[in-house]
Each structure stands twice: as C-alpha cells, then as structure tokens.
> 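Here it is: the structure, laid out below.
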Amino acid sequence: MIKTDEVRIKIAIQKSGRLTEHSIELLTRCGLTYSRGRDQLICYGENMPVDILLVRDDDIPGLVQENICDLGIVGGNIIEELRLELIKKGTKRLFNVLERLNYGHCRLSFGIPENVEYIGAKTLKGKKIATTYPLIVEDYLKKQNVNATVVEFSGAVEIAPSLGKADLICDLVSSGATMKAHGLFEADTILESTATLIQSPEALSKTKKDWIKLLLQRIRGVLQVKESKYIMLHAPREALQEIRRLLPGSEAPTIIPLEGFKDKVAVHAVCRENVFWETLEELKEAGASSMLVLPVEKMLA
Ligand code: PRT
Ligand code: ZN
C-alpha cells in the first residue's frame, strides 16, 4: 500500500444521505477495499491509494474546487449552482466534470399552486419564486427573458406558498409526491440531475493522474455492467439476421456451429441494455430456442 500524501487521492462523498450508499457501493465495485478511521470521517483505501472523505453534500464541490479533495461525487444540482456562483465571481479555472453516474436521479422543476393556470415561462412574470437554487433559477429566467423575484430558502421550500412567502417554488422532484402533498403541481423542469463525479481544476502529478484514469476506467466499467447482460441461444441459420436485429444493444455476436446440426447455430452476445421478457418472447417467435440470460460481473473495453 502506498502511504505518501502526494500520491494518495482524496475523494469526497456524502456522509449520510441519498447518495451515500450508492457512492460507497460504486467505489467498492471498482475494487477498493478500505478501513474506516476512528473519527468515522475518513476511510483509508487499503489496496489503492484512494481515501474517502465523508462530508455534507453541499461542501463537496467547494472541497474539490479548492483542491482539498482531488475528486468528489455530488448531485448535478449542487454542481450547477456552484458553477454559476464561480462564474459570477469571475473564477477562471473551474472543477472538471468527469462522469455522470447512474444514481441520484432527480429534476429541478417549478411547483405551482393547483389553482394557478400555467401557460409556460410567462406565467412566472412578476412572481415570487422560492428555491434552494437561486442562481440556476435566475439563469433560467434570464434565458427566458422573464422578470421575477427569486427568494432563497435553505430547506422546506414546498411550504413557502402556503406560508405566503412565495407565489410558487422551484425544487428537486423525484416521485412528485412532495409537491402533490403540498397542493402544488409540477410545471417545467429546468435541470435534470444525477450523482456526478468531479475533479479538482489543479494540475495533478503523473501518479495521481494515472490512478484517476484507472479509477475512471473502472467506474465506466461498473456503469456499463449494471445494464449489460450476456445472452446465449440457439438459432436457425436462416433467422440469424432477424435475431441479431432483436438483440438489444449488441454489436458483434459470436456465432458458433452446433455439432450435428447443419442449419442451426449457437449465438452468444453481450447486450448493453437490459433483456426483458418481451425481447425473449420476440426472439422465440423468430426461431430462437434454449435461451439463457446471464448477468455480467466485470467488463473492460
Ligand atoms: O446532509 P446533507 O446536506 O449531506 O444532505 P441533504 O439533505 O442536503 O441531501 P439529500 O441526501 O436529501 O440529497 C442528496 C442529493 O440527492 C441531492 O443533492 C440530489 O442531487 C439527489 N436527490 C435525488 C434528491 C432527491 N432525489 C429528492 N427527491 N434530493 C432531494 N430530494 C427531495 C426534494 O428536495 C424534495 O424535498 O425530496 C423531495 C421530493 O421528493 P419526491 O419523491 O416527493 O418528489
Ligand atoms: Zn445538503
């Protein structure tokens, strides 16, 4: 294990919240094993020079921007708000976005009281909008050429209209249940967000760069594997074209002759999308038989 600090990569993730479990799982699936520090705030990588810092999600982009951490995983919503803040301040070198991850999905949408008719962005004109993301909302209003007042709320944005503190809100939505429960309906979405991997804007040493490259390659492999399946089936030769067309997200299947059968082959393929029952039924209809769908454990392009 490499211990010197210049070589060790620090990655900030959320300490406790919606992204925590998935972020730890992602790093574990990249092969990282770690021991947790006594203060419970740092996990020390055992088999890679990668340490995990557990912090509040709002602090993550700042830690990465200031180069206190080399990498960070945080919601795209928080990243975008900070990006706009840094641009406003005239900061020249901003953190780099390395990869959008496949969890933490949500959207930033307007929530309008049910008794208000919504006819697009012009409905917002002259209104008071409560949000935790004032810069993203202001940026949107500017692009839409609409004048409105944005009031910053640090939490419980959805109660602002009923308290008379705002006419409407702009907040994160996932299932839509929160807005509904507060008598609001979801109007336009202004940002789609997922957990995102970011990197410090500072120049890194060659060793750190190499480790980050390797980690990123593994992360991409893990993301790809989640969707991918390995499929094996038997098919009449004459149906091969149709069967290949039906295989979801597969580029070049392997065709293997079947001992004792002239007009039948075995087809093996990696499908980069999920294989649903409906697809298997269509394949059967096209003449496929003996179908097996297996999960893919690891993948390296
Ligand atoms: O303590 P810390 O500051 O670290 O955590 P936090 O409470 O600020 O964040 P947390 O754990 O709630 O969310 C972390 C990240 O998850 C966010 O920054 C988003 O990128 C992402 N995420 C995904 C969400 C949601 N889905 C989500 N539904 N963040 C918040 N919500 C809230 C939303 O604000 C609203 O209050 O859930 C409510 C709406 O949910 P639905 O399902 O009712 O629509
Ligand atoms: Zn937070």
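In each ligand, atom 1 is the first atom listed, and ligand 1 is the first ligand listed. Reckoned from all heavy atoms, side chains included, excluding hydrogens, waters and symmetry mates.
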> Does a salt bridge link Asp51 with Lys10, judged by any charged N lying under 4.0 Å from a carboxylate O?
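Here Asp51 does not pair with Lys10 in a salt bridge, since their nearest N and O are not under 4.0 Å apart.
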> Test your reading of the structure: does Asp58 have an N or O sitting under 3.5 Å from an N or O of ligand 1?
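Yes, at least one N or O pair falls under 3.5 Å.
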> If you link I, L, V, M, F, W and Y whenever their side-chain heavy atoms are under 4.5 Å apart, who else ends up in the same group as Leu247?
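Noted: Leu247 shares its cluster with Ile231, Leu233, Leu240, Ile243, Leu246, Ile255, Val265, Val267, Val275, Trp277, Leu280, Leu283, Met291, Val293.
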> Can you name the atoms of ligand 1, numbered from 1 with element, that are less than 4.0 Å from a heavy atom of Thr178?
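Matching atoms, with element in brackets: 38 (C), 39 (C), 40 (O), 41 (P), 43 (O).
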> For the Zn ion (ligand 2), report each protein N, O or S atom nearer than 2.8 Å, sorted by chain and then by residue number.
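Counting only protein N, O or S atoms under 2.8 Å from the Zn ion (ligand 2), the list reads Asp57 OD1, Asp58 OD1.
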> Which residue and atom name correspond to the protein heavy atom nearest atom 30 (C) of ligand 1, and how close is it?
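Going atom by atom, the protein heavy atom closest to atom 30 (C) of ligand 1 ends up being Arg18 NE, 3.5 Å.
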> For Tyr34 and Asn47, which I'm curious about, is there any donor-acceptor pair between the side chains at under 3.5 Å?
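Side-chain D/A pair, Tyr34 to Asn47: absent.
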> When you look for heavy atoms under 4.0 Å from ligand 1, do you find them on the side chain of Thr132, its backbone, both, or neither?
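No part of Thr132 comes within reach of ligand 1.
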> With a 4.5 Å cut-off on side-chain heavy-atom distances among I, L, V, M, F, W and Y, is there a chain of contacts connecting Tyr133 to Leu84?
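The answer is yes; both residues are in one hydrophobic cluster.
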> As a check for students: among Val173, Leu54, Asn77, identify the option with a heavy atom nearest to atom 17 (C) of ligand 1.
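Going through Val173, Leu54, Asn77 one by one, Asn77 has the nearest heavy atom to atom 17 (C) of ligand 1.
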> Using protein heavy atoms only, decide if any is under 4.0 Å from atom 26 (N) of ligand 1.
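Within 4.0 Å: yes, protein heavy atom nearby.
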> What protein heavy atom sits nearest atom 1 (O) of ligand 1, and how far away is it?
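Scanning the protein heavy atoms, the shortest distance from atom 1 (O) of ligand 1 goes to Arg56 NE, 3.7 Å.
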> By the definition side chain to side chain contact (heavy atoms under 4.5 Å, CB included), identify the one residue from Val222, Leu19, Leu26 that meets it with Leu101.
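Checked Val222, Leu19, Leu26 against Leu101; only one passes side chain to side chain contact (heavy atoms under 4.5 Å, CB included): Leu26.
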> Side chain, backbone, both or neither: which part of Ile78 comes within less than 4.0 Å of ligand 1 when only heavy atoms are counted?
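The side chain, only.
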> Is the side chain of Gln65 donor-acceptor paired with the backbone N or O of Pro201 at a distance under 3.5 Å, no angle test?
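Judged by distance alone, no pair lies under 3.5 Å.
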> Looking only at protein heavy atoms, which one is nearest to atom 2 (P) of ligand 1, and what is the separation?
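Looking at atom 2 (P) of ligand 1, the protein heavy atom closest to it is Asp57 OD1, 3.4 Å.
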> Under 4.0 Å from any heavy atom of Ser175, which atoms of ligand 1 are there?
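Answer for ligand 1: 41 (P), 42 (O), 43 (O), 44 (O).
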> Ion pair present between Arg220 and Glu99, side-chain N to carboxylate O less than 4.0 angstrom?
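A salt bridge is present here (some side-chain N lies under 4.0 Å from a carboxylate O).
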> Between Phe110 and Tyr140, is the ring-ring contact (aromatic ring centres under 6.0 Å, His included) condition met? List the steps.
CA-CA 11 Å; Phe110 287 107; Tyr140 173 82; 5.6 Å; yes
> Backbone, side chain, both or neither: what part of Val157 comes under 4.0 angstrom of ligand 1, heavy atoms only?
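Neither part.
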> Using atom types as modelled and distance alone, determine if a side-chain donor or acceptor of Ser200 lies under 3.5 Å from a backbone N or O of Asp70.
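The answer is no, because no donor-acceptor pair under 3.5 Å joins these two groups.
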> Is the shortest side-chain N to carboxylate O distance from Glu186 to Arg107 below 4.0 Å?
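Arg107 and Glu186: salt-bridged.
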> Counting each atom of ligand 1 from 1 as listed, which ones have a heavy atom of His105 under 4.0 Å away?
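Those of ligand 1 that fall under 4.0 Å from His105 are 23 (C), 26 (N).
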> Run the salt-bridge test on Glu80 and Arg83 with the 4.0 Å N-O cut-off and return the result as yes or no.
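Yes, Glu80 and Arg83 are salt-bridged.
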> Hey, is the main chain of Arg272 close enough, under 3.5 Å, to the side chain of Glu227 for a donor-acceptor pair?
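No, because the side chain of Glu227 does not come within donor-acceptor range (under 3.5 Å) of the backbone of Arg272.
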> When you measure from atom 33 (C) of ligand 1 to every protein heavy atom, which one gives the shortest distance, and what is it?
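Ranking protein heavy atoms by distance from atom 33 (C) of ligand 1, first comes Leu172 O, 3.3 Å.
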> Between Lys142 and Glu138, is there a side-chain N and carboxylate O pair less than 4.0 Å apart?
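Answer for the salt bridge query: no.
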> Using a 4.0 Å cut-off to any heavy atom of Gly75, which atoms of ligand 1 qualify?
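Contacts of ligand 1 toward Gly75, numbered from 1: 20 (O).
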> So which protein heavy atom does atom 5 (O) of ligand 1 come closest to, and at what separation?
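Looking only at protein heavy atoms, the one closest to atom 5 (O) of ligand 1 is Gln14 NE2, 2.9 Å.
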> Would one find an N or O of Gly176, backbone or side chain, under 3.5 Å from an N or O of ligand 1?
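Yes, there is a polar N/O contact under 3.5 Å.
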> Under a 4.0 angstrom heavy-atom cut-off, which atoms of ligand 1 come close to Gly17?
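Here the atoms of ligand 1 in question are 11 (O).
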> Specify side chain, backbone, both or neither for Cys106, according to which of its non-hydrogen atoms lie closer than 4.0 Å to ligand 1.
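Under 4.0 Å from ligand 1, Cys106 contributes side-chain atoms alone.
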> Atoms of ligand 1 less than 4.0 Å from Ala177 heavy atoms?
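Every atom of ligand 1 under 4.0 Å from some heavy atom of Ala177: 43 (O), 44 (O).
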> Ion pair present between Arg245 and Glu242, side-chain N to carboxylate O less than 4.0 angstrom?
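Result for this pair is yes, salt bridge flagged.
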> Is a side-chain N or O of Arg237 found less than 3.5 angstrom from the main chain of Lys262, in a donor-acceptor match?
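Between the backbone of Lys262 and the side chain of Arg237 there is a qualifying donor-acceptor contact (under 3.5 Å).
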